[in-house]
Amino acid sequence: MTVFILVSGMFTGAHVWEKAAARLAAAGAEVHAVALSGLGGPRGAAGVGIGLETHIADVLAMIDSVGAANGRESRESRESREIVLVGHDYGIHPVLGAADRRAERIARIVYLDAGMPQDGVPALAAVPDQSLREQLAELAGAGGPVGAAGADGELPPPARDEWPRWGSTAGVPDAALDQLTALAASQPLDTLLQPLRLTGAAAAVPTTGVLCTGNGASIEMVQMRVGFGDPALQALTDPRVTFFELPTGHWPMLSCPAELAEVLLRAAAGEGHRLAPADAAEPPAHLRPFLLDLPELPRERTGNVDLHLPDAEGPRPAVVFVHGGPVPAGARPTPRDWPTLMGYARYAAGQGVVGVTLDHRLHDVTDYERAAADVAAAVEIVRADPRVDADRVALWFFSGGGLITADWLGAPPAWLRCLAATYPLLAPLPNWGLAGSRFHPADAVADAVADAGALPIVLTRAGLEMPEIAATVEEFMAAAKNCGADGANVEVIDVPNGHHGFETLDPTDESREAVHRAMRSVLTHLTA
């Protein structure tokens, strides 16, 4: 018999699993939902003295109790049961801590829309709200009264309209959201501040990741990051690691309990999608050849900036190509040497303008501030170069770099003649914790000053885009209609059969024509 031990996330108790647990039980499984200390009672019942180790002990007690209710059952019989530990959100931390100490009893660990905690790192690092994470980290680092964030060392639960700060509520019925709010408990701060201690014993336990696409996670995104060479993700290509997606927000036990139960049963059976290793025979998507065959032109490298120089006299206009991400800090080659970025820069240089590529420090979703500063500094280096016409510059953003467009959309400088974006992310994904930051292009274009609507925007959309990214483009387009009296000046170029990164994934005539159209449009605005 499969035994599911379900561990809920922040502010929540065992009650959230009720419907999913009932469906698992109906399928013949034994199910136990853990009531973590301080989170199973009424609001404010957490109290002082409860930390991550307390919650690990709660999960350990449940593991040890499996089968113990029947005193006549042999130890061998109890230990033969296949225990599947399921950790949602914060719950993955006590799950991993317990699995590390009972690895021989655990058949599989399921990460339910959860991060990948590491040894020595507290759960605070996984809090999606960046401003709150920074506040608590500052208090903890100063050794100050962490209870300042809430009475008696607790973090108060969200109000009903605050739950999206902790993850997308997409699909959760109103009644369920009401109940979630009514039963929410304060989170003991030590559960977030105590480091997770792992010996590595649980590394041999098979795992499954259940990704909620409505919260901004998908198998395609994980595969892309594996292709970037992120060392932290290489273990995910182990054949014992599987993945499932659920088209819902962060609380699937409330939004789609039947579908969640089905996925958990399949996970327990070892089913699911397996990732391709980064060192497979075929190069990762971002390192495949660019779809256009372009001659090399002189390239000069200064610091983190490369200038692809045209064969032309006098100061020339420039196009600065801004890569996406996050890209692991150790990824090699770095983005400015990727075929797509170099291809666009060479194309621009062949048309008589300076093509610029750069490396910026977007290595994590928390890095947008410094990445944006890197881009701004690179632009000034380019404009100061005597071979560049400082009054004729275009910025062209790709993928996750699209969030940085927010800095240029609201009040564009006179020298910015065009802004282009190709398969961009144009609003923060729900699980990135950037909802209150300035990196929200849809908000920036909606709130732009009156004359900002004149800035030409060339937007290239991939018809086979990841749904979670496509949704941000739709949000941006809706906001752009409200910019100024006539809306923003947006030209849309569609690639109906193109994927995210179509320049190397889909080298078709349709894709080539889209690249030609986008470049012609940008250069027309740049040289007018």
Between A20 and P257 the two heavy atoms that sit nearest each other are N-CB, 3.7 Å
* Any sub-3.5 Å donor-acceptor pair from D100's side-chain atoms to G200's backbone N or O? -> yes
Check against side-chain contact (heavy atoms from CB on, under 4.5 Å), L96 and Y111
CA-CA 10 Å; L96 287 179; Y111 293 68; 3.4 Å; yes
- Message: Between Y423 and I469, is there a side-chain heavy-atom distance shorter than 4.5 Å?
- Response: no
In terms of heavy-atom contacts, R274 and V241 come closest through CG-O, 3.5 Å
E30 (side chain) donor-acceptor with M1 (main chain) under 3.5 angstrom
no
Rounded to the nearest 0.5 Å, the CD atom of E468 sits from the CG atom of N215 at a distance of 10.5 Å
Between D238 and R240 (side chain of the first, backbone of the second, donor and acceptor by atom type, cut-off under 3.5 Å), is there such a pair? yes
- prompt: With no hydrogens and no angle check, is any side-chain donor or acceptor of E82 less than 3.5 Å from a backbone partner on T2?
  reply: no
- Message: Could you check whether T213 and S218, counting side-chain N and O atoms only, form a donor-acceptor pair closer than 3.5 Å?
- Response: no
- prompt: Can you find a pair of side-chain heavy atoms, one from D407 and one from F439, that are under 4.5 Å apart?
  reply: yes
* Apply the test side-chain contact (heavy atoms from CB on, under 4.5 Å) to residues Q194 and H93: give CA-CA distance (whole Å), side-chain angles for both, the deciding distance (0.1 Å), then the verdict. => CA-CA 11 Å; Q194 281 184 354; H93 293 79; over 6 Å; no
- Query: Any side-chain heavy-atom pair from V7 and V59 closer than 4.5 angstrom?
  - Reply: yes
- Compute whether any side-chain donor of one residue and acceptor of the other, for H250 and N431, lie under 3.5 angstrom apart. no
To the nearest 0.5 Å, atom OG1 of T472 lies from atom CD of E465 at 7.5 Å
Worksheet entry | R101 side chain vs L60 backbone, donor-acceptor pair below 3.5 Å | no
- prompt: Given side chains that start at C-beta, do those of I109 and I92 come closer than 4.5 Å, heavy atoms only?
  reply: yes
Only one of D113, L211, V210 passes side chain to side chain contact (heavy atoms under 4.5 Å, CB included) with L246, and that residue is V210
Are any of the side-chain heavy atoms of W166 and V127 separated by less than 4.5 Å? yes
What one should report as the nearest heavy-atom pair of D190 and I50 is CB-O, 3.4 Å
Exercise for the section: State, with a plain yes or no, whether a side-chain heavy atom of L6 is found less than 4.5 Å away from one of L112. Expected result: no
Check your understanding: Any salt bridge between D506 and R288, counting N to O under 4.0 Å?
Key -> no
*N/O donor-acceptor pair under 3.5 Å between T181 side chain and L177 backbone*: yes
Between the NZ atom in K19 and the OG atom in S255, the distance rounded to the nearest 0.5 Å is 10.5 Å
Using a strict 4.0 Å threshold on nitrogen-to-oxygen distance, state whether E369 and R438 make a salt bridge.
yes
Exercise. Indicate yes or no for a side-chain donor-acceptor contact from T504 to the backbone of A285 under 3.5 Å, with no hydrogens or angles considered.
Key: yes
Min side-chain heavy-atom separation M477-L459 under 4.5 Å: yes
- Message: More than 12 heavy atoms of other residues, nucleotides or ligands under 6.0 Å from CD of E162: yes or no?
- Response: yes
* To do: Answer yes or no: is there a side-chain heavy-atom contact under 4.5 Å between L403 and W432?
  => yes
dist F398:CZ -> H286:NE2 (nearest 0.5 Å) comes out at 14.5 Å
- Message: Let's go through E259 and T248 carefully: what are the C-alpha distance in whole Å and the side-chain angles of both, what is the deciding distance for side-chain contact (heavy atoms from CB on, under 4.5 Å) to 0.1 Å, and is it a yes or a no?
- Response: CA-CA 10 Å; E259 292 82 355; T248 189; over 6 Å; no
Go through D364 and R370 one step at a time and tell me if the salt bridge (Lys or Arg N to Asp or Glu O under 4.0 Å) criterion holds.
CA-CA 11 Å; D364 190 85; R370 67 177 187 176; over 6 Å; no
Is the backbone of H323 close enough, under 3.5 Å, to the side chain of H360 for a donor and an acceptor to pair up by distance?
yes
Rounding to 0.5 Å, atoms OG1 (T422) and CZ (R461) come to a distance of 12.5 Å
Heavy-atom closest pair (A268 atom, F4 atom, distance to 0.1 Å) is CB-CZ, 3.8 Å
Salt bridge flag under 4.0 Å for residues D64 and R102:
yes
Looking only at heavy atoms, the pair that brings E154 and S186 closest together is OE1-CB, 3.2 Å
I'd like to know if the side chain of R266 reaches the main chain of G272, judged simply by a donor and an acceptor atom lying under 3.5 Å from each other, with no hydrogens or angles considered.
no
When you measure from the side chain of Q223 to the backbone N and O of A276, does any donor-acceptor pair fall under 3.5 Å? yes
Tell me, with the steps shown, if I5 and V66 meet side-chain contact (heavy atoms from CB on, under 4.5 Å). CA-CA 9 Å; I5 295 179; V66 169; 4.1 Å; yes
Item to check | N-O pairing of D374 and R361 below 4.0 Å | outcome: yes
d(D58 CG, L36 CG) to nearest 0.5 Å is 5.5 Å
When every non-hydrogen atom of A21 is compared with those of V31, the smallest separation belongs to CB-CG1, 3.7 Å
